[in-house]
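In listed order, ligands and their atoms are each counted from 1. We count residues from 1, following the sequence as given.
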Amino acid sequence: MCEQREKFISEKLRLMEELCKKHKLSLTVQRRAILENLASRTDHPTADQIYASIQHRISGISRTTVYRVLETFVHLGLAQKISNPEAKARFDADTRRHHHAFCTTCEEVMDVFSDTLSTLDVPDVGHDFVMRDYSVNFTGLCGKCLSEAAPVRITEKGVT
Ligand SMILES: [Zn+2]
Ligand SMILES: [Zn+2]
């Protein structure tokens with residue numbers, strides 16, 4: 001793991017300790033393990049994926065607990081739920097304004113950092129609505145899926 005990521009994880013854990021103290025939440029082993037797992041990855045996992053990677057280490061943890069803890073993190077501002085074309089919620093420990101590219105074949109989600117997109121002169125959306133944040137989502141094919149996609153062939157019978 002790169003040094004930068006390790007720094008990000010320890011900074012996140014420190015922030016969680018601070019927020020738990022402030023909101024009088026106990027700093028459980030489960031909360032710590034879930035945040036550590038989320039902060040260590042960049043694949044924008046679902047609650048199930050996090051559960052799958054920590055369940056062997058944390059005895060008695062359930063899927064429901066993982067989901068509930070992630071929701072708490074979102075409320076505390078430690079993580080964000082990212083919008084994506086799937087029904088499943090995906091989580092991101094990086095709460096800076098950034099954007100995502102979603103591969104419609106393998107469902108991989110990649111971060112997109114763009115000054116142009118992050119400083120858009122966003123129009124007033126109306127409806128007495130105060131906007132706090134926004135993100136731009138791209139859908140398409142990732143490099144891996146693109147190289148594996150069957151090339152389109154055009155024959156006398158048409159496109160196959
Ligand atoms: Zn893909
Ligand atoms: Zn992200």
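- Taking the charged nitrogens against the carboxylate oxygens, R14 and E11 do have a contact shorter than 4.0 Å, which makes a salt bridge.
- Nearest heavy-atom pair across A93 and K12 is O-NZ, 2.8 Å.
- Side-chain atoms of R90 never come within 3.5 Å of backbone atoms of P45 as a donor-acceptor pair (strictly under, hydrogens ignored).
- Under the side-chain hydrogen bond (donor to acceptor under 3.5 Å, both in side chains) rule, D92 has a single partner from K81, H98, R41, which is H98.
- Counted by atom type alone, H99 and N137 present zero donor-acceptor pairs between their side chains at under 3.5 Å.
- When the side chains of ILVMFWY residues are joined at heavy-atom separations under 4.5 Å, either directly or via intervening members, Y67 and Y51 end up in a single hydrophobic cluster.
- The angle that C142 SG and C145 SG make at the Zn ion (ligand 1), rounded to 10°, works out to 100°.
- Contact check for D94 versus F113: side-chain heavy atoms found under the 4.5 Å cut-off.
- Seen from the Zn ion (ligand 1), atom SG on C103 and atom SG on C106 lie at an angle near 110° (rounded to 10 degrees).
- For the Zn ion (ligand 2), protein N, O or S atoms under 2.8 Å: 5 in total.
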